[in-house]
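Take a look at the structure below.
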2 protein chains.
Amino acid sequence: MSHSPKHPAGHPAPTSADVARLAGVSRATVSYVLNNTAAVRISDRTRRRVREAAEELGYVPHAAARSLRAGHTRMVLLPTAHVPVGPLYSRFFDELQWALRRLDYTVVQYGSLGMDGDEAARAWAELRPVAVVAFGEIALTPQGVEVLKRSGARAVITLGAHQVEGAHALVLDQAEVGRQAVAHLVERGRRRIGVIMPEDRRLDFFSVPRLEGARQAAAGTGAEIVPVPLRHEEEPAAELAGRWRDLGLDAVFAYNDEYAMLLMRALQDAGIDVPGETAVVGADDLLLGRLLRPRLSTVQIDMVIGRHLAELVDRAVRDPGGAPERHDLMAARLIHRESS
Amino acid sequence: MSHSPKHPAGHPAPTSADVARLAGVSRATVSYVLNNTAAVRISDRTRRRVREAAEELGYVPHAAARSLRAGHTRMVLLPTAHVPVGPLYSRFFDELQWALRRLDYTVVQYGSLGMDGDEAARAWAELRPVAVVAFGEIALTPQGVEVLKRSGARAVITLGAHQVEGAHALVLDQAEVGRQAVAHLVERGRRRIGVIMPEDRRLDFFSVPRLEGARQAAAGTGAEIVPVPLRHEEEPAAELAGRWRDLGLDAVFAYNDEYAMLLMRALQDAGIDVPGETAVVGADDLLLGRLLRPRLSTVQIDMVIGRHLAELVDRAVRDPGGAPERHDLMAARLIHRESS
DNA sequence: TTGAAAGCGCTACCAT
DNA sequence: ATGGTAGCGCTTTCAA
């Protein structure tokens, strides 16, 4: 269990003092040169000497020491429990990171798998980020927001179904997806509508609100909503298709396009006509939906643009006093193709 | 441009001195209590007072100050240029993060989009991570490794096609995927084999080695390899299918299952028989391949297990002097179905 | 059982 | 144009 000898890696990392010594100047001068401090004039000869010394030693400034001294960081923390899957979210994350870096922030994703809300907030606060953009998988409470703000976070932004007190909110109303899908099916005369619920618990964050939206759209129309659990595998899908007629469903909202593809194949293999006997609607408008036969009706989701979010972060950081903004940032609209 | 008043967020974050003052003890005592320091005995009454004071103030320790004092961190840095897409990599990242957290590391993903290798290494070194696991999108040079080590990183591990001097390597030999696919096609008598090259530059990291592997497998067999660029959209696929017969290909390795699906649909719509006229092989063994008709032949990839990598990280951190390990960690094998 | 104080690496003020 | 130095928040000897 010997954790380490005194010299962790042979030589300790060079400090600005080492650079100063080698260049024959003071640590202050080193700092001025390497940070191009405008308020002070340093001779070109000195500049060069400092630069060369830093280069020779492989000097890299110590971010922790710097931010300790400065009293703040430029770190934007993106806590993630799971890497969100799917092209929509990949693109969104890429855009957001890119835009924030252009605004001179340091973007850090912090894996917070299996932490509860307030525990997570505390862990994040230890890093003293200037802003936190919390994807809704981790439930942030008003207390969590308060902890972050007291620790110096100038902006806390949640990205999820609900607004949290004290935080800016980008409301991604997943329920709207279910609403659109079911409204469409009802309009086309369907009355007993299944809603596929993935067994993968990591998708609850999306699937539960989508089901709720489905129920809302059905309410008062005489249509009935039937949740149908399904694992993303061939066998369970075949098994489900085998007892499909017992369920008596004339339509199904399949959670998303991938589940829709899985289900549609199983239904077709079981001799059930789509859309004749059962209509199928997916969501996310993936390319694969257009490649299926019949082509898949789907709910298209317009995700928030990463650049917009980056601008909101920057605005909030510059004006921490501002009232929490709330933006409803997910438009969903149905695309009618052949499967419904 | 006024960047901020003196008091960034109203009140500055509470420090251990504030806790000490409120509890009527010294900062040392606060530290002992909150860290459960074993080497020192504190009365229960004092413990409680300190805990209550910390709670009341919403005190959260300052990670930067702590690690500055300690001289090291427990941070494992995972630089990512793009979020890697696909279920394989999502699962891998989840596993890795989980396993590292169990080993008491803090896992931080650092967005390094658009940085060149040495610039990136410097940026990472500023954070003084104890270990860096570099996914191969960013080319890490021997100099970059050296910078990281001098800054105190006890383990540098690359995950990619090549080994880098001084770093441990998990070799993910993407070329093997192309080799397997083409060897299979050659064996089945195909002679003019297209290799789909996604136009999305973010996939070069995967697609270029896969093409190279395809070439290796064809060498000396009399078979010919023809790179075929393709965008992941319907129209370009249809356009490609339209001039398919001019290409004179009797087989195609479609980069992965998603591109294979896209291409197969387009070929079928153009009246080209699969596999009769052209055989198609995908990769990644996604569920969707089994849902296609004909069922898609594919190259299954056994990704490294996150837990194994976490253990390698821990081993390397505990014994920084150890010789760089090199593990070849991607097995690929062909699964023959109906499309080839 | 508790407190005083040094020092981690850095920057910004004030001298020179 | 450059140097001296205080102090950011924390932990850890050493003394009491």
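Below, chain A is the first sequence line, B the second, and so on; all start at residue 1. Any value given below was found using the heavy atoms of this structure, including those in side chains, with hydrogens, waters and symmetry copies removed.
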- Taking every heavy atom of A:G306 against every heavy atom of A:E95, the minimum-distance pair comes out as N-OE1, 2.7 Å
- Query: Yes or no on side chain to side chain contact (heavy atoms under 4.5 Å, CB included) for A:L140 and A:V156, after CA distance, side-chain angles and deciding distance?
  - Reply: CA-CA 10 Å; A:L140 199 50; A:V156 180; 3.8 Å; yes
Atom [atom1] of residue position [X] - does it have more than 12 heavy atoms of other residues, nucleotides or ligands inside 6.0 Å?
{"X": "A:E325", "atom1": "CD", "result": "yes"}
{"X": "B:R91", "atom1": "CZ", "result": "no"}
{"X": "B:R102", "atom1": "CZ", "result": "no"}
{"X": "B:E311", "atom1": "CD", "result": "yes"}
{"X": "A:R49", "atom1": "CZ", "result": "yes"}

Nearest-0.5 Å distance that lies between atom [atom1] in [X] and atom [atom2] in [Y]:
{"X": "A:R122", "Y": "A:Q143", "atom1": "CZ", "atom2": "CD", "answer": "10.0 Å"}
{"X": "B:R47", "Y": "B:T29", "atom1": "CZ", "atom2": "OG1", "answer": "10.5 Å"}
{"X": "A:R27", "Y": "A:T15", "atom1": "CZ", "atom2": "OG1", "answer": "7.5 Å"}

- Near DNA chain D, which residues from residues 38-55 of chain A have a heavy atom under 4.0 Å away? A:V40, A:R41, A:I42, A:S43, A:T46
- Message: For a 4.0 angstrom threshold against heavy atoms of chain B, report the outermost contacting nucleotides of DNA chain C in 5' to 3' order.
- Response: C:dT1 to C:dG9
- Task: Give the B/S/- string for nucleotides 8-16 of chain D, one per nucleotide from 5' to 3', where a protein heavy atom under 4.0 Å of the base yields B, of only the sugar-phosphate yields S, and otherwise -.
- Result: BBBBBB---
